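Report on the structure given below.
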Amino acid sequence: MAAAARSQVMSLYRTMLRESAKFPSYNYRNYALRRVRDAFKANRNVEDPKAVERLMEEGWQTLALIQRQVPERVTACGCASSMWRCRAVSLSVQLLPLSLHL
Amino acid sequence: MLASGRTVSSRLLRPTAWLPLRLSSERTAASFPQKELIKKHEQDEPRPLYMDFQATTPMDPRVLDAMLPYQVNYYGNPHSRTHAYGWESESAMETARKVESCSIFRKQVADLIGADPREIVFTSGATESNNMAIKGVARFYKAKKRHVITTQTEHKCVLDSCRILESEGFDVTYLPVQNNGLLDLELLEASIRTDTSLVSVMTVNNEIGVKQPIKEIGQICRSKGVFFHTDAAQAVGKIPISISDWKIDLMSISGHKIYGPKGVGALYVRRRPRVRLEPIQNGGGQERGLRSGTVPTPLAVGLGAACSIAQEEMEYDHQRVSMLANRLVQKVMSEIPDVIMNGDPEQRYPGCINLSFAYVEGESLLMALKDVALSSGSACTSASLEPSYVLRAIGADEDLAHSSIRFGIGRFTTEEEVDYTAEKCIEQVHRLREMSPLWEMSQEGIDLKSINWTQH
């Protein structure tokens with residue numbers, strides 16, 4: 001039981017750090033990474049299962065909050081490609097056969 | 001019949017130069033024109049480091065998250081979903097039902113200062129709260145009480161409101177402060193007359209960061225039966241405040257100083273014993289008749305969220321800001337001689353550091369540090385060329401008042417930003433001092449005060 005909880009906590013921690021690293025703004029990104037690390041470090045020795053449950057719940061909610069505010073996918077050039085899904089490219093791909101036929 | 005090149009079909013057969021040619025795997029839309037513009041903008045003009053948290057603060061992402069449903073959804077309708085952001089949770093919408101009285105958010109603000117929710121009035125900011133408090137209380141009690149006391153280091157809106165009261169026939173005493181920026185309590189006690197209605201002293205000064213002895217001032221005012229107003233815009237959420245311990249009757253709160261939205265603030269008005277004020281904004285009787293007008297729900301939500309976050313994070317933020325402030329001050333003061341910190345070194349909020357660099361002009365230092373967003377003096381006086389009245393009030397010399405810079409450290413400041421600022425500052429001060437004739441003279445041992453500058 002405790003081992004399962006520990007792996008869940010680690011998984012949440014890793015996911016939160018991964019999502020926090022996606023903030024486009026330097027200040028928000030660093031704050032999120034630092035705050036997540038410090039929060040998990042501070043609560044490292046909590047034993048009471050109810051408290052752990054409550055903290056995990058808070059963690060999931062914070063993770064959802066971060067996910068709402070960061071781009072879905074961050075590409076190599078650092079731009080938020082989720083916003084511009086290359087609609088123009090797909091549109092031009094559709095028009096290409098049209099121009100070739102006439 | 002028609003020449004080639006004239007028909008529609010032939011035009012379409014021509015190579016379509018307007019199509020983006022690289023339709024290959026590089027679908028990162030690097031060819032998309034808007035994205036290019038933004039990337040170019042960011043590469044050519046990176047934004048400066050923000051070290052001016054006393055002027056305003058960026059909104060905390062958690063506050064934005066709390067506000068979003070109320071911006072894009074109709075309140076009181078918890079069953080619709082905001083598809084733009086994919087809200088799954090309906091419990092977020094349930095609180096919308098209670099939005100009518102803004103009760104939850106009012107409670108969040110009240111809890112931060114230890115008040116009752118019914119004592120909080122939402123306003124458009126600390127400036128409006130200050131105006132309401134000072135003009136409102138003074139005008140309500142004007143039949144018997146015609147005297148108001150304030151200090152010389154208050155915010156412009158407080159001083160301006162007092163000036164208006166003076167033109168209406170009130171008597172206003174502007175108390176001087178000591179060299180460390182703190183108010184002299186005996187002087188305050190001596191200044192209180194039988195016809196004093198209000199004393200207004202700000203909790204934490206926005207220019208020098210000095211923390212006034214509010215508990216003692218509250219004690220004095222309560223014993224003399226005078227209302228005590230404090231402008232706590234810079235203090236709320238940063239230091240623990242208790243309106244009952246400190247015996248405060250009116251308190252101004254600003255949203256955008258505590259990582260909340262701009263355009264909202266609050267005024268705490270005590271109910272027991274009741275503080276009456278004449279409202280500035282009349283109308284439908286909202287907010288207990290003290291401030292009519294629809295409460296901006298998204299902004300009120302933002303203020304409530306900012307207050308509850310501030311309450312949770314106060315300890316963590318205070319430790320971190322103190323650490324960063326010490327780091328900055330140690331670095332700067334150990335490398336450069338003749339640097340003076342304005343304001344009391346103990347009784348202060350650590351995040352607001354005001355340093356005066358002798359023999360260096362403040363504006364030129366600000367321009368030299370152009371990739372750090374700093375300020376000399378407060379935002380509301382930065383447009384004028386005069387040195388800050390706060391520095392003059394604490395008795396700083398003219399030349400030192402001109403050469404002061406305010407460093408603001410907040411929740412989102414990183415160690416790298418602080419280190420960079422300190423190094424840049426040291427480098428530029430050295431450079432400017434090399435060029436300064438006053439510095440040369442002082443190095444040779446000439447006492448600058450003894451020089452008789454000739455009058456042409």
Side-chain angles (χ1 to χ4, degrees), chain A residues 16 19-20 22-39 41-43 55 57-58 60-102, chain B residues 7-16 18-24 26-36 38-39 42 46-47 49-50 57-62 64-66 68 82 84-89 91-92 259 312-313 315-317 319-320 410-417:
Chain A
M16 283 182 90
E19 294 295 317
S20 299
K22 293 181 188 168
F23 268 111
S25 151
Y26 167 79
N27 289 99
Y28 288 164
R29 185 171 59 243
N30 282 64
Y31 177 72
L33 287 168
R34 187 183 352 113
R35 192 73 188 89
V36 165
R37 261 191 220 118
D38 288 345
K41 212 181 287 184
N43 294 319
L55 289 168
E57 189 54 46
E58 247 177 65
W60 286 117
Q61 281 176 7
T62 312
L63 174 63
L65 192 155
I66 299 175
Q67 281 173 327
R68 282 193 281 270
Q69 300 209 6
V70 295
E72 279 172 22
R73 234 178 296 140
V74 180
T75 58
C77 66
C79 49
S81 73
S82 67
M83 300 273 280
W84 295 275
R85 285 213 185 274
C86 315
R87 276 195 213 108
V89 178
S90 54
L91 189 67
S92 47
V93 167
Q94 281 175 33
L95 285 176
L96 193 56
L98 196 71
S99 61
L100 288 175
H101 273 149
L102 289 166
Chain B
T7 59
V8 172
S9 47
S10 66
R11 232 181 287 144
L12 283 172
L13 275 171
R14 246 182 265 137
T16 46
W18 51 269
L19 271 182
L21 293 172
R22 283 183 293 154
L23 300 176
S24 57
E26 286 184 69
R27 295 178 67 228
T28 52
S31 51
F32 198 55
Q34 276 175 7
K35 189 74 73 63
E36 290 246 312
I38 293 173
K39 256 202 326 185
E42 273 174 8
R47 295 171 71 205
L49 305 183
Y50 192 72
T57 56
M59 227 164 62
D60 195 295
R62 291 166 282 192
L64 177 65
D65 194 72
L68 277 174
T82 57
Y85 292 94
W87 290 92
E88 301 294 306
S89 154
S91 61
Y259 312 96
E312 287 165 19
E313 303 273 337
E315 184 61 50
Y316 178 84
D317 281 346
Q319 266 181 7
R320 188 171 160 75
R411 190 182 285 169
F412 300 111
T413 317
T414 61
E415 282 91 345
E416 288 88 14
E417 285 180 326

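Heavy-atom basis, side chains included; hydrogens, waters and symmetry copies ignored. Within every chain, numbering begins at 1; the chains are lettered A, B, ... in the order of the sequence lines, protein sequences first and strands thereafter. All of these numbers come straight from a predicted model, not from anything done at the bench.
When all heavy atoms are compared, the tightest approach of B/E416 to A/N30 is OE1-ND2, 4.4 Å. Here the shortest heavy-atom pairing between B/F412 and A/N27 reads O-ND2, 3.0 Å.
For B/Y316, the part lying near chain A is the side chain, with the backbone staying farther off; criterion is any non-hydrogen pair under 4.5 Å. The parts of B/L64 that come within reach of chain A are both its backbone and its side chain, each placing non-hydrogen atoms under 4.5 angstrom from that chain.
Between the CG atom of B/L68 and the CG atom of A/L65 there is a distance of 9.5 Å, given to the nearest 0.5 Å. If you take CD on A/Q61 and CG on B/D65, they are separated by 10.0 Å, rounding to the nearest 0.5 Å.
Partners of A/E58 according to the salt bridge (Lys or Arg N to Asp or Glu O under 4.0 Å) rule, which considers only residues two or more places apart in sequence or in another chain, are A/R54. The side chain to side chain donor-acceptor pair (under 3.5 Å) test applied to B/E313 returns A/Y31, A/R35, B/R62, not counting sequence neighbours.
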